[in-house]
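Below you'll find the structure, written out as structure tokens, and then a few comments.
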Amino acid sequence: MQTRSMQTREAKKWVDRAIIAVLLLMGILMLMPFFWLFSMSFRPAPEAYKMPPSFFPPSFDLSNYQTVLESSVPFLKIYWNSLYVAVLVTIGQLITCTLAAFAYARLRFPGRDSLFFVMLIGLMFPAQVTILPIYLGYAKLGLLNNPLGLVLMGLTSSFGVFMLRQFLRSQPKELEEAALMDGAGYFKIFWRISLPQLMPALGALAIITFTGAWNSYFQPRALIESQAAMTLPIAMDLLRGYMSQGNLSVVMAAMSMAILPVVLLFLVAQKMVIEGVTFSGIRA
């Protein structure tokens, strides 16, 4: 009996090792495009098209990054525009979507379910359907060629409200009901009880929202023409040049700088998600 138990434990160890090996291999494969991106950014232009390709650059040349910063495209200004839009949109959605999700999940008022259904209908319409009225309205308000217009357009999200509402409905509401019976107001219940429970979902929503705003292409392309107000996805078109005749290594250097905020946010928010799962509950 003891021998069989030892054999079972040994088999489980080999299974765990096999799973870890597979996950490690998948992780390496997922990181390969990023490695190739950074490798290309350090190559001179002729090396970018060399066949067969090599994963390691012949030398770590920073001239491509210098070219990006010194090009006719105001890259640093455009970088700031993207950061400005993505940060404000993320903060706006975390605030508005959280409050709306609490109302739809915990409060009772006439027409609540009907309003929620109407809001979800907005998920069915692509951005191309609504861009014309937005463009005409922004033209009258003077918000064309202004990053603020991109911020106002993304301050809330039907998807964010839906995700947070579903997460909040999956959490026990006995603590909230007990606090309500003890005389706590809805805002105090939201701040002390509901909001800590939402931390894992808020971390996920922050990653999704920031990444979506940072990589948004269609709306900025339709609403912005001035280089001083552009965001990074449009700037990549300018660096790539007409019919992609630009320097590929320079474009890769620009893309390497462009992905850094997204990577940093993912690392920070991932830690927040884990802490939210572990320590969710009432916080003073």
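Between Leu205 and Cys97, the shortest heavy-atom contact is CD2-CB, 4.2 Å. Nearest heavy-atom pair across Ala105 and Arg169 is CB-CG, 3.9 Å. Scanning both residues, Asn64 and Ser41, for their nearest heavy atoms gives ND2-O, 2.8 Å. Between Thr209 and Thr90, the shortest heavy-atom contact is CG2-CA, 3.7 Å. Of all the heavy atoms in Met257 and Val68, the pair that sits closest is CE-CG1, 3.6 Å. Between Leu83 and Phe210 the shortest heavy-atom distance is CD1-CZ, 4.3 Å.
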Q | Verdict with reasoning, Leu232 to Met255, per side chain to side chain contact (heavy atoms under 4.5 Å, CB included) | A | CA-CA 9 Å; Leu232 283 172; Met255 293 181 65; over 6 Å; no
Q. Given Thr98 and Phe102, is the side chain to side chain contact (heavy atoms under 4.5 Å, CB included) satisfied, shown in steps?
A. CA-CA 6 Å; Thr98 304; Phe102 177 78; 5.8 Å; no
(Q) For Val85 and Leu148: C-alpha separation, side-chain torsions, deciding distance, then whether side chain to side chain contact (heavy atoms under 4.5 Å, CB included) applies. (A) CA-CA 7 Å; Val85 172; Leu148 181 61; over 6 Å; no
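Aromatic rings from Trp214 and Tyr79 are positioned such that their centres are separated by under 6.0 Å. Residues Phe42 and Tyr65 bring their aromatic ring centres within 6.0 Å.
Checking Glu176 against Ser194 by side-chain atom types alone, a donor-acceptor pair falls below 3.5 Å. Using modelled atom types and a 3.5 Å distance limit, the side chains of Tyr104 and Asp113 yield no donor-acceptor pair.
Looking only at side-chain heavy atoms (C-beta outward), Met32 and Trp36 stay at 4.5 Å or farther from each other. Ile234 is not listed as a side-chain neighbour of Ile78, based on a closest heavy-atom distance of 4.5 Å or more. With a 4.5 Å cut-off on side-chain heavy atoms, Tyr138 and Leu150 do not count as touching. Put simply, the side chain of Leu31 does not reach to within 4.5 Å of the side chain of Phe35, judged on heavy atoms. Residues Ile131 and Leu223 form a side-chain contact, since some pair of their non-hydrogen atoms from C-beta on lies under 4.5 Å apart. Considering only heavy atoms from C-beta on, Arg165 stays 4.5 Å or farther from Arg106 through its side chain. For the pair Leu120 and Phe116, the minimum side-chain heavy-atom distance is below 4.5 Å. Using a 4.5 Å heavy-atom threshold, the side chains of Leu143 and Asn146 count as touching.
Distance check, rounded to the nearest 0.5 Å: CG of Leu198 to CG of Leu168 gives 5.0 Å. A distance of 8.0 Å separates OG1 in Thr130 from CE in Met153, rounded to the nearest 0.5 Å. Note that the CD atom of Gln219 and the CD atom of Gln128 stand 7.5 Å from one another [nearest 0.5 Å]. Separation of atoms CG (Leu94) and OG1 (Thr156) is listed at 10.5 Å; rounding is to 0.5 Å. To the nearest 0.5 Å, the span separating OG on Ser63 from CD on Glu70 amounts to 10.5 Å. Between the CD atom in Gln197 and the CZ atom in Phe167 there is a gap of 8.0 Å [rounded to 0.5 Å].
If you chain together hydrophobic residues whose side chains sit under 4.5 Å apart, Ile189 and Leu107 fall into the same group. Side-chain heavy atoms closer than 4.5 Å link hydrophobic residues (I, L, V, M, F, W, Y) into clusters, and following such links, even through other members, never connects Met30 to Met40. Cluster membership for Met124 and Val118, using ILVMFWY side-chain heavy atoms within less than 4.5 angstrom, is not shared. A continuous path of hydrophobic side-chain contacts links Leu155 to Met163 [ILVMFWY only; heavy atoms under 4.5 Å]. Criterion: ILVMFWY side-chain heavy atoms under 4.5 Å apart, direct or through other members. Under it, Ile20 and Ile28 are not part of a common hydrophobic cluster.
Heavy-atom contacts from other residues, nucleotides or ligands closer than 6.0 Å to OH of Tyr135 number 12 or fewer. More than 12 non-hydrogen atoms from other residues, nucleotides or ligands lie less than 6.0 angstrom from CZ of Arg112. Around atom CD of Gln166, more than 12 heavy atoms belonging to other residues, nucleotides or ligands sit under 6.0 Å away. No more than 12 heavy atoms of other residues, nucleotides or ligands shown are found within 6.0 angstrom of CZ on Phe34. Within 6.0 Å of CZ in Phe125 there are 12 or fewer heavy atoms belonging to other residues, nucleotides or ligands.
Ser158 contributes a side-chain N or O that, together with a main-chain N or O of Met119, makes up a donor-acceptor pair within less than 3.5 Å. The closest donor-acceptor contact from the side chain of Tyr84 to the backbone of Pro147 lies at 3.5 Å or more, if one exists at all. No side-chain donor-acceptor contact under 3.5 Å links Asn81 to the backbone of Thr231.
Using cut-offs of 30° and 60° for the angle between ring planes, the Phe187 and Phe190 rings count as tilted.
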